[in-house]
Amino acid sequence: MIKDDLISLVRQATQAAQTAGDLPAFDLPAVVVDHPKNPEHGDYATNIALQSARAARLAPLRIAEQIVKHWPPADFVGRVSVAPPGFINIALDDRWLAHQVAVIQANPATYGNSNAGCGRKAQVEFVSANPTGPLTIGHAWGAVLGDTIANLLTATGWDVTREYYFNNGGRQMRLLGESLQVRCLELLGDRRPIPPDGYRGDYLRWVAATLYAEYGDALAEKDVDFFRNKAVDAIFANIRSTLDRLGIRFDVYYNELDLYYNGKIEAAVKALANSGYAYEKDGAVWLRATELGLKQDRVIIKSSGEPTYRMPDIAYHVDKLERGFEYIVDIFGADHHATWPDVLAGVRALGYNTDGIKVILHQFITLMREGQEVKMSTRRGEFVTIDELLDDITTEAIPGKDVMRFMLLTRSPDSPMTFDMDLAVKQSSENPVYYVQYGHARICSILRKAAEEGFTPEAYADGDLSLLTHPSELALLRRMVALPEVIATAAEQLAPHQLSGYATDLATQFHLFYRDCRVLSSDPADRELTKARLRLCDAARIVLARTLGLMGVSAPERM
RNA sequence: GCCCCCGUAGCUCAGCGGACAGAGCAGCAGACUUCUAAUCUGACGGUCGCAGGUUCGAUUCCUGCCGGGGGCGCCA
């Protein structure tokens with residue numbers, strides 16, 4: 001990667017200057033290379049001279065000058081210069097930049113990928129909603145974050161498993177079954193109230209109608225288990241279909257109940273008891289979380305003998321580790337912030353290292369409709385489903401998931417977001433996602449037109465890239481070659497929202513190139529330049545499509 | 001009371017300790033006989049919540065305060 005190469009060049013240059021006696025001996029601090037905000041300062045900059053000033057007992061400018069003087073040659077580096085108060089600015093070489101088109105064209109499916117993961121096993125757990133109702137806007141963010149993080153990890157060399165953890169037993173589920181039973185009996189003319197804390201959403205009416213069509217009056221004889229199972233089946237079918245619309249497919253659906261059946265919870269309880277990290281008090285079993293660095297101890301087995309939610313969660317994470325996942329990413333809503341430290345503490349108490357487990361908490365989405373905040377509750381049946389929203393923002397040309405995914409990937413998960421439905425629907429034609437997709441469609445249009453005029457991919461394959469010297473061509477190339485770094489950083493920081501900003505920048509640079517540089521020309525004198533620019537267009541298309549692909553957003557060829 | 005997140009342009013939000021703080025939308029003024037105007041150009045718009053501290057240098061790190069959201073169960 002460019003940045004890493006530059007860091008090593010800075011080190012080499014500094015050592016060379018020291019060996020030559022142009023700089024005194026001093027310990028080099030960690031070299032930081034980043035992008036200056038002002039493009040006039042070049043593509044990269046390092047503050048190494050400023051940081052070293054004290055240790056070297058020299059003015060930063062003097063240090064910078066000596067480092068530049070001893071800068072080793074490198075094909076990708078153009079101008080290296082010093083700027084007050086002591087920055088070293090580095091520009092990429094124009095010829096090298098132009099040549100990257102060939103590199104990109106040679107690797108259309110993998111350009112930008114790296115191998116930080118070295119094929120090791122990673123797991124991303126997300127959505128994990130219990131099947132009590134349809135997926136709502138509240139689930140959308142975690143869904144998109146998880147899937148995109150999984151894409152990023154795959155692109156950086158991890159062997160990724162997408163996993164959905166759920167529980168279809170327990171009190172919640174019994175209430176669900178009872179609620180469906182009430183809806184079914186309603187259809188038979190037997191009116192009863194929905195139990196307190198039951199599920200009042202209309203979706204159970206639809207399930208009831210389906211069941212009535214199949215079973216008719218026989219429904220009167222069925223027990224709660226029957227209704228619970230039917231409700232779970234129907235709701236899961238709905239959830240899967242919603243996920244499918246979002247472009248999300250899980251590798252594993254993991255049922256919490258299995259942890260009871262296969263004895264893993266019991267085993268974890270025993271192990272905790274033996275570890276000394278569990279003790280009895282008030283008839284319950286407590287986890288000695290305070291011994292593990294937390295504020296208070298927590299109940300893991302209630303006095304009724306039932307485990308609390310922490311127990312299966314602990315056993316589940318142990319199971320993840322035992323399945324060989326070296327990197328585990330959990331995506332939760334902000335309401336889980338107080339719970340996961342307990343769970344990880346339990347895992348540690350069992351002797352496992354939890355360093356490989358990362359938790360991403362996203363804030364909540366406040367939904368606004370007609371200027372009013374919509375308070376959502378699955379139990380009360382008050383919510384806006386992902387399906388409904390997708391229906392609203394889908395157009396003839398573009399599926400709603402593109403808008404939703406892109407939108408949710410423009411914000412940091414840390415930032416609470418308000419989602420104005422009226423605005424989302426109304427402004428959908430001015431949504432940034434269309435800006436990026438339009439850039440892709442525009443390129444495809446040029447390439448189509450070119451082919452009609454005889455410039456097929458084969459015909460322009462030998463285009464001379466050294467002809468790409470226009471400032472707008474170079475600006476576009478600069479954004480394109482940043483993809484490997486963007487992917488690496490977004491993956492490492494588990495910050496998929498960085499992709500949307502990059503995609504927008506890239507599209508902007510293409511639109512500016514399009515404005516400034518005519519690609520197709522009927523003048524035979526322009527033939528070679530046209531071929532070079534077609535190669536550039538093709539490479540830009542590849543990079544744009546890869547970026548959109550990582551976000552799970554489609555790259556349309558026409559709009 | 002304690003814990004987590006947020007407070008940046010009218011609105012929604014980017015911004016990895018650096019060099020004059022950015023984008024989109026809204027609003028204003030312009031550009032289609034030319035490869036897609038879902039585009040482009042220009043102007044406008046900001047005491048980066050407040051106050052201290054660390055640093056050569058702070059929107060960024062630390063502390064306190066003020067606002068907003070979410071948590072602090074033998075619910076999940």
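Only this structure's heavy atoms are used, side chains among them; waters, hydrogens and symmetry mates stay out. Naming convention: chains lettered A, B, ... in sequence-line order (proteins, then strands); numbering from 1 in each chain.
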Next item on the list: At under 4.0 Å between heavy atoms, which parts of nucleotides 38-48 of chain B does protein reach? Answer with one letter per nucleotide, 5' to 3': B base, S sugar-phosphate only, - none.
Entry: BSSS-------

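For residues 47-59 of chain A, no pair satisfies side-chain hydrogen bond (donor to acceptor under 3.5 Å, both in side chains), with sequence neighbours left out. Residue pairs satisfying the salt bridge (Lys or Arg N to Asp or Glu O under 4.0 Å) criterion with at least one member in residues 32-44 of chain A, sequence neighbours excluded, are listed as follows: A/D43-A/R478. Applying the salt bridge (Lys or Arg N to Asp or Glu O under 4.0 Å) rule to pairs touching residues 515-528 of chain A yields A/E528-A/K531, sequence neighbours excluded.
No side-chain donor from either of A/Y309 and A/N167 sits under 3.5 Å from a side-chain acceptor of the other.
Side-chain to base pairing of A/N89 with B/rA19: one donor and one acceptor N or O lie within less than 3.5 Å of each other. For B/rC74, the base has no donor-acceptor partner in the side chain of A/T308 [N/O atoms by modelled type, under 3.5 angstrom].
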Can I get a per-line list of side-chain donor-acceptor pairs under 3.5 Å for residues 482-495 of chain A, giving both atom names and the distance, sequence neighbours left out?
unit_1 : atom_1 : unit_2 : atom_2 : d
A/E485 : OE1    : A/Y44  : OH     : 3.0
A/E485 : OE2    : A/H35  : NE2    : 2.4
A/T489 : OG1    : A/E485 : O      : 2.8
A/Q493 : OE1    : A/Q498 : NE2    : 2.8

Output side-chain donor-acceptor pairs under 3.5 Å for residues 282-296 of chain A, partner residues at least two apart or in another chain, one line each.
unit_1 : atom_1 : unit_2 : atom_2 : d
A/W286 : NE1    : A/K281 : O      : 3.1
A/R288 : NE     : A/G276 : O      : 3.2
A/T290 : OG1    : A/D297 : OD1    : 2.8

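Taking every heavy atom of residues 471-492 of chain A and every atom of RNA chain B, no pair lies under 4.0 Å. At a non-hydrogen distance threshold of 4.0 Å, A/N130 from residues 125-136 of chain A come into contact with RNA chain B.
With sequence neighbours left out, the salt bridge (charged side-chain N to carboxylate O under 4.0 Å, His left out) criterion links A/D330 to A/K320.
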Next item on the list: Go ahead and write out RNA chain B as dot-bracket, 5' to 3': ( ) for pairs within the strand, [ ] for ones crossing earlier pairs, | when the partner sits on another strand, dots for unpaired; Watson-Crick or G-U wobble, both distances under 3.5 Å.
Entry: (((((((..((((....[...))))..((((.......))))......(((((..]....))))))))))))....

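Under the 90° criterion around 0 for the glycosidic angle, B/rC56 counts as anti.
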Taking only N/O atoms, report every protein-nucleotides 63-70 of chain B pair under 3.5 Å with atom names and distance.
unit_1 : atom_1 : unit_2 : atom_2 : d
B/rG70 : N2     : A/H337 : NE2    : 2.6

Hey, what are the protein-to-nucleotides 29-31 of chain B N/O distances that come in under 3.5 Å?
none

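One interatomic measurement links the two molecules: CD1 of A/I300 to P of B/rG73, which rounds to 16 Å at whole-angstrom precision.
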